Structure formats: C-alpha cells, structure tokens
Enquirer: 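Have a look at this one before I ask anything.
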Number of protein chains: 2
Amino acid sequence: MSSDRTRSAILAAAERLYADRGFGDVTLRDIVAEANVNLAAVNYHFGSKDELIAELFVTRSLATNRERLNELKAAEEKGGGRAPIDSILHALVGPTLRGCLGPDREGSTAARFMIRASIESVPPIRRIKNREVDHLRKFIAAMRRAMPGRDDADLYWGLHFALAMSHHTIREKERLTKLSEGQCDLNDVDAIVDRVVSVSVMALAGGEMPAKKAPARSAVPHGRLTRQDL
Amino acid sequence: MSSDRTRSAILAAAERLYADRGFGDVTLRDIVAEANVNLAAVNYHFGSKDELIAELFVTRSLATNRERLNELKAAEEKGGGRAPIDSILHALVGPTLRGCLGPDREGSTAARFMIRASIESVPPIRRIKNREVDHLRKFIAAMRRAMPGRDDADLYWGLHFALAMSHHTIREKERLTKLSEGQCDLNDVDAIVDRVVSVSVMALAGGEMPAKKAPARSAVPHGRLTRQDL
DNA sequence: TTGCAATTCAAACAGTTGTATGAAACTATC
DNA sequence: GATAGTTTCATACAACTGTTTGAATTGCAA
C-alpha cells in the first residue's frame with residue numbers, strides 16, 4: 001500500500017542536495033525538482049521542511065550509533081565484560097570517521113550529508129544532537145569499567161577530546177589537507193582512527209593536570225577596518 | 001568627519017544579536033531596530049549584509065591572531081629563538097579559549113559572537129577562515145624548530161588536534177556540562193588550556209602510529225521511521 | 001549664507017521562502 | 001463498477017528577505 005516512491009525520492013534528493021550544497025541554499029523547490037515530485041508532496045509526507053531534515057539526520061545517526069554500540073558490545077564480550085580503553089574509544093570514533101572519511105567518500109551521499117550536518121548545524125539537527133547524551137553515557141560507563149581508578153571528570157574530558165578530534169577532522173578535512181599540502185593523508189581512514197584513539201588513550205592515561213596563573217582579557221571595541229585580510 | 005556613530009551602533013547591535021540568536025534568524029531589520037538606525041544604513045555603510053558579518057568576524061579574528069602571535073613571539077624570545085613545544089601550543093589555543101570561555105563569558109558579546117561563528121559557519125565567515133592557513137603556518141614553523149626530529153605530518157596532526165580540542169570545547173561547552181553533570185568545570189579556563197596543551201604535547205611526543213586492517217562499509221537506504229528518537 | 005558632499009530616511013522593489021488549498025488522479029475494497 | 005481513502009497536482013498565499021531609490025536632512029567649508 002501507499003506509494004513510498006515519492007517519499008523515498010524526496011529523501012534521496014534532499015540528502016543529495018544538502019550534501020552537495022548545504023542546508024543554507026537548498027530550497028524545497030530544488031528538492032522536488034530533483035526528485036521529480038510535486039512541491040506539496042514534502043509537506044504532505046513529512047509535515048514540514050524541518051521534519052524532513054530531522055528524519056534524514058535521525059536515520060543516519062541511528063545507523064552510526066548502532067554501529068558504535070555493536071562494536072562496543074563485541075569488545076566487551078571479547079574481554080569478558082571489560083573492554084580495554086582503546087577498544088572502547090575505537091568503537092566510539094571508528095564508525096563516524098569511517099562513515100565520513102575514506103576514499104569512497106565521494107560516492108557516499110550519506111557520508112557527505114553527515115559532514116554537512118556536522119559543519120552547518122541547522123536547528124532541527126541541533127535539537128536531535130542534544131539527545132545524544134544518553135548514548136554517550138554508555139561509553140562513559142564502559143570507560144569507567146576499563147579505568148576504575150580514574151576520576152569521572154577525566155573520563156568525560158577524554159571522551160570529549162576523542163569526539164573533538166574525530167569531528168574536527170571531518171569538519172576541517174579540506175583545511176588540513178591544504179595546510180599540510182597533502183602530507184596528512186586523509187584517505188587512510190584506519191590510520192586516522194588509530195591516531196585519534198592513540199592520542200585519546202594517552203590523554204586518559206596521562207597524569208593529573210596542574211593549575212596555574214590567572215588570565216588577562218580586554219574588551220576590544222570595533223574600529224573601522226581599512227581593507228585588511230585575516 | 002563622517003559620523004561613525006551609526007556605523008558603530010550597527011556593528012555593536014549586530015554582534016549582540018548574532019551572539020544571542022545566531023546568524024540564522026537575525027535579519028537586517030532586527031539589527032537596525034536594535035541599533036536605532038535606518039534600514040538603508042547597513043547597505044550604505046557596509047555594502048551588504050555579508051560584508052557586515054565579515055567585518056565583525058575579521059575584527060575579532062585579527063585580535064585573536066594578534067594575541068596568539070604576541071604570545072608565541074614572547075615565548076620564542078624567552079627561549080632564545082626556540083620556544084618549547086608546550087609554550088607554542090599554549091600560545092595557539094590560549095587566546096581562543098580565554099576569549100570564548102571563562103566566568104565573564106556571559107558579559108562578553110565578542111566572545112559569544114565568536115562562539116556563534118564557530119558553531120554556525122555562515123558563508124562570509126567560512127571564506128575568511130580559509131585564509132587562516134597562512135597564520136597557522138607560523139605555528140608549524142615554530143613547532144618544527146621545537147621538535148626538529150618530528151615528521152612534518154605529525155606536526156600538522158598535532159596542531160590539528162590542538163585546535164580540535166579547543167574549538168570543540170567551545171562549541172560543545174554546554175553539552176559537556178550536561179553530559180558530565182557539572183563535573184567538568186568549564187569556568188576554570190586555565191585548567192582547560194593546560195589540559196588541552198598537555199594532551200597536545202603528548203600527542204606530539206608519542207610514538208609512531210601503526211597501520212591495521214581494512215574497514216567495511218555498506219550503503220544504507222532510507223526506510224520509513226516510526227517515531228523513533230535518536 | 002551659500003554650496004556641496006555626506007548621511008539619513010521612508011518607501012518600495014523584486015525575489016524567494018515554506019506552507020495551504022481544493023480539485024484531480026489514482027488505488028484498493030467491496 | 002461504485003465508493004472511500006490516499007496521493008498528486010497546479011496554484012495561490014502570506015510573509016519575509018536583502019537591496020535600491022530618490023528625496024530630505026545634516027554638517028562642514030568657503
């Protein structure tokens with residue numbers, strides 16, 4: 001029953017266009033043109049533009065989270081309930097990095113869409129991301145089991161930094177390539193995953209952080225700019 | 001000559017509104033209402049909306065970059081031309097983190113604006129950020145002097161990760177607070193800077209990365225979602 | 001004061017946006 | 001094949017967007 005053809009065509013077209021041109025300058029009219037469906041179909045099938053975007057993002061997020069948890073579960077079973085810290089972090093950042101980077105990234109609309117979502121952060125997506133906390137808590141729990149001695153705060157910081165490195169690598173992939181003049185190989189995904197995991201493990205295994213002096217800040221008013229670059 | 005009053009009022013109002021509500025839903029009409037000036041004044045003084053945003057961002061970026069280079073220069077002079085790696089990284093991430101985090105963050109419109117710019121990434125800002133590469137190269141050069149043995153690629157990755165941690169901390173400040181239930185103190189900026197620097201140094205000082213097995217990826221089509229959360 | 005340029009202003013422009021409507025076309029069930 | 005429910009369609013709507021216009025006003029120099 002009920003032709004899913006229109007619905008799927010809209011989803012596919014929307015994901016492709018958003019991936020290619022960003023959320024900012026893709027309109028519903030662009031999407032329906034690409035999908036060869038009527039303009040009203042979007043609101044009929046999804047209710048609103050935001051709900052369409054949300055559905056796109058939720059679908060892909062669920063897939064990633066599922067992968068993460070599968071990998072985590074496998075690692076914990078292998079270790080008899082206690083996965084080593086590097087396996088946990090590998091399960092955390094691996095799926096995301098593998099999904100968004102890699103040599104076949106050009107062909108994967110889903111990956112390019114997720115990169116966009118990571119860069120642009122439009123309201124419906126932001127709303128969904130805020131619910132990711134529960135998912136991350138499962139990794140914190142696993143990390144706590146792997147490193148019983150560690151302060152909780154250190155675990156949170158470790159997880160935070162692991163996500164920081166993986167997301168920032170995805171977001172700034174091109175800038176890093178440009179900066180390093182190709183010396184950083186963004187196609188060797190496994191090497192990147194290992195690097196991120198390795199640094200994260202060092203961050204977690206490293207010593208306590210010292211406290212130091214106070215900062216200095218000044219309120220800088222806006223002056224007139226005379227044709228200066230960055 | 002030429003009343004800068006209108007110009008400054010627009011800059012101040014725009015920065016405040018963008019900081020509070022984001023680029024997405026602040027219109028020129030909102031800005032001129034807040035600034036108590038005429039609508040046409042924006043185009044008269046800045047040419048276009050994008051040029052207004054660009055000027056806001058360039059001003060603040062220049063200030064940060066200036067701070068960074070000053071700190072770097074001071075460290076190099078102190079070390080007789082060769083600054084230690086942790087001082088270099090401190091100069092890199094310190095100004096940004098101090099500018100955007102900290103207890104007085106609430107009062108600083110400039111800081112809140114830069115956080116927005118970091119989160120939303122609107123076209124005129126993206127264009128400017130792409131020119132930041134030259135600025136970063138100065139830090140790569142300093143790092144090369146501090147660690148002559150290291151591969152260039154490792155240096156790039158180290159700098160990349162340092163920026164990743166500092167930017168992600170700024171972007172996800174609230175999520176980390178929520179996730180850690182307040183156990184990560186986002187107000188102790190110096191501690192955060194030290195933590196980021198310390199991890200970055202470990203990343204740079206750590207051993208080489210091994211290579212491993214190949215990844216597996218599958219093309220996941222969009223199905224119908226039945227009221228599922230993330 | 002006169003003259004000229006810089007600035008302000010109200011108003012309109014031209015285009016785009018997401019959404020709503022109501023009739024038409026289709027589909028499956030009886 | 002009539003009926004009821006679903007889906008498609010062309011079209012209009014209403015609101016909002018950044019930008020432009022040309023006249024009014026202001027400020028400063030001669």
Side-chain angles (χ1 to χ4, degrees), chain A residues 1-18 20-57 116 120-127 222-226, chain B residues 1-18 20-57 116 120-127 222-226:
Chain A
M1 66 210 65
S2 88
S3 104
D4 265 352
R5 213 173 59 249
T6 302
R7 221 188 122 84
S8 317
I10 291 172
L11 285 168
E15 186 168 48
R16 192 164 354 126
L17 288 179
Y18 284 142
D20 286 344
R21 314 196 330 231
F23 298 100
D25 55 60
V26 171
T27 71
L28 288 188
R29 281 167 179 83
D30 294 332
I31 294 172
V32 297
E34 181 86 358
N36 277 311
V37 300
N38 188 269
L39 174 59
V42 174
N43 288 277
Y44 177 79
H45 284 282
F46 299 94
S48 70
K49 183 197 186 185
D50 277 12
E51 290 177 79
L52 165 61
I53 294 177
E55 173 150 345
L56 280 171
F57 184 70
R116 275 287 173 198
E120 287 198 27
S121 180
V122 81
I125 290 182
R126 232 178 331 228
R127 254 172 269 140
H222 277 290
R224 185 187 288 265
L225 299 185
T226 55
Chain B
M1 64 216 66
S2 87
S3 103
D4 265 351
R5 214 174 56 250
T6 303
R7 223 189 121 83
S8 317
I10 291 173
L11 285 168
E15 187 168 46
R16 193 165 353 127
L17 288 180
Y18 284 142
D20 287 344
R21 308 188 345 222
F23 299 98
D25 54 60
V26 171
T27 70
L28 287 189
R29 283 168 177 82
D30 294 332
I31 294 172
V32 299
E34 181 85 357
N36 277 310
V37 300
N38 188 269
L39 174 58
V42 174
N43 289 278
Y44 178 78
H45 284 282
F46 298 93
S48 70
K49 184 196 186 185
D50 277 11
E51 290 177 79
L52 166 61
I53 294 177
E55 174 149 346
L56 280 170
F57 184 71
R116 276 288 173 197
E120 287 198 28
S121 181
V122 80
I125 290 183
R126 226 172 342 218
R127 253 172 270 141
H222 279 287
R224 186 185 290 264
L225 299 185
T226 56

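Just so it is clear, the structure is predicted and the values come from calculations on it, not from any experiment.
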Enquirer: What nitrogen or oxygen pairs link the protein and nucleotides 19-22 of chain D at under 3.5 Å?
Expert:
unit_1 : atom_1 : unit_2  : atom_2 : d
D/dT19 : OP2    : B/Asn43 : OD1    : 3.2
D/dT19 : OP2    : B/Lys49 : N      : 2.9
D/dT19 : O5'    : B/Asn43 : OD1    : 3.4

Enquirer: Closest heavy-atom contact between A/Pro124 and A/Ile53?
Expert: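 In terms of heavy atoms, the two residues are closest at CG-CG2, 3.9 Å.
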
Enquirer: Look at A/His45 and D/dT6 and indicate whether a side-chain polar atom (N or O) is within less than 4.0 Å of OP1 or OP2.
Expert: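 No.
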
Enquirer: Taking atom C1' of D/dG18 as reference, at what distance in whole Å does atom CZ of B/Phe23 sit?
Expert: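 For the pair B/Phe23 CZ and D/dG18 C1', the rounded distance is 17 Å.
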
Enquirer: Return whichever of A/Val37 or B/Val26 has its heavy-atom-nearest nucleotide of DNA chain D closer to the 5' end.
Expert: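 Nearest nucleotide further toward 5': that of A/Val37.
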
Enquirer: How many whole angstroms separate atom CD of A/Glu51 from atom C1' of C/dG18?
Expert: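 To the nearest whole Å, that distance equals 13 Å.
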
Enquirer: First locate atom CG of A/Asp50, then atom CZ of A/Arg127, and finally report the distance between them rounded to the nearest 0.5 Å.
Expert: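 Output value for this atom pair is 5.5 Å.
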
Enquirer: Measure the distance from CG on B/Asp4 to P on C/dT7 and round it to the nearest whole Å.
Expert: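 My rounded result for the distance is 9 Å.
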
Enquirer: May I have the distance from A/Phe46 (atom CZ) to D/dT8 (atom P), rounded to whole angstrom?
Expert: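 Distance, rounded to whole Å: 11 Å.
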
Enquirer: Which heavy-atom pair separates A/Ile10 from A/Val37 by the least distance, and what is that distance?
Expert: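 Closest pair (atom of A/Ile10, atom of A/Val37, distance): CG1-CG2, 3.8 Å.
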
Enquirer: Tell me every residue that passes side-chain contact (heavy atoms from CB on, under 4.5 Å) with B/Leu39, counting only those two or more places apart in sequence or in another chain.
Expert: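 With sequence neighbours excluded, B/Leu39 shows a side-chain contact (heavy atoms from CB on, under 4.5 Å) to B/Leu28, B/Arg29, B/Val32, given in chain and number order.
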
Enquirer: Nearest 0.5 Å please: distance from the CZ atom of B/Arg16 over to the CD1 atom of B/Ile31.
Expert: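 One finds 11.0 Å between CZ of B/Arg16 and CD1 of B/Ile31.
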
Enquirer: B/Ile53 CD1 to D/dT17 C1': how many Å, rounded?
Expert: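 For the pair B/Ile53 CD1 and D/dT17 C1', the rounded distance is 13 Å.
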
Enquirer: I'd like to know if B/Arg116 pairs up with B/Asp20 as an ion pair, taking the criterion as any Lys NZ or Arg NE/NH1/NH2 lying under 4.0 Å from an Asp or Glu carboxylate oxygen.
Expert: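 Not counted as a salt bridge, because no side-chain N and carboxylate O are separated by less than 4.0 Å.
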
Enquirer: So, does B/Thr27 get its side chain near the phosphate of D/dC16, meaning an N or O under 4.0 Å from OP1 or OP2?
Expert: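 It does not, given that no N or O in the side chain of B/Thr27 lies less than 4.0 Å from OP1 or OP2 of D/dC16.
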
Enquirer: In whole Å, what is the span from the CZ atom of B/Arg7 to the C1' atom of C/dA6?
Expert: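 That distance rounds to 14 Å.
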
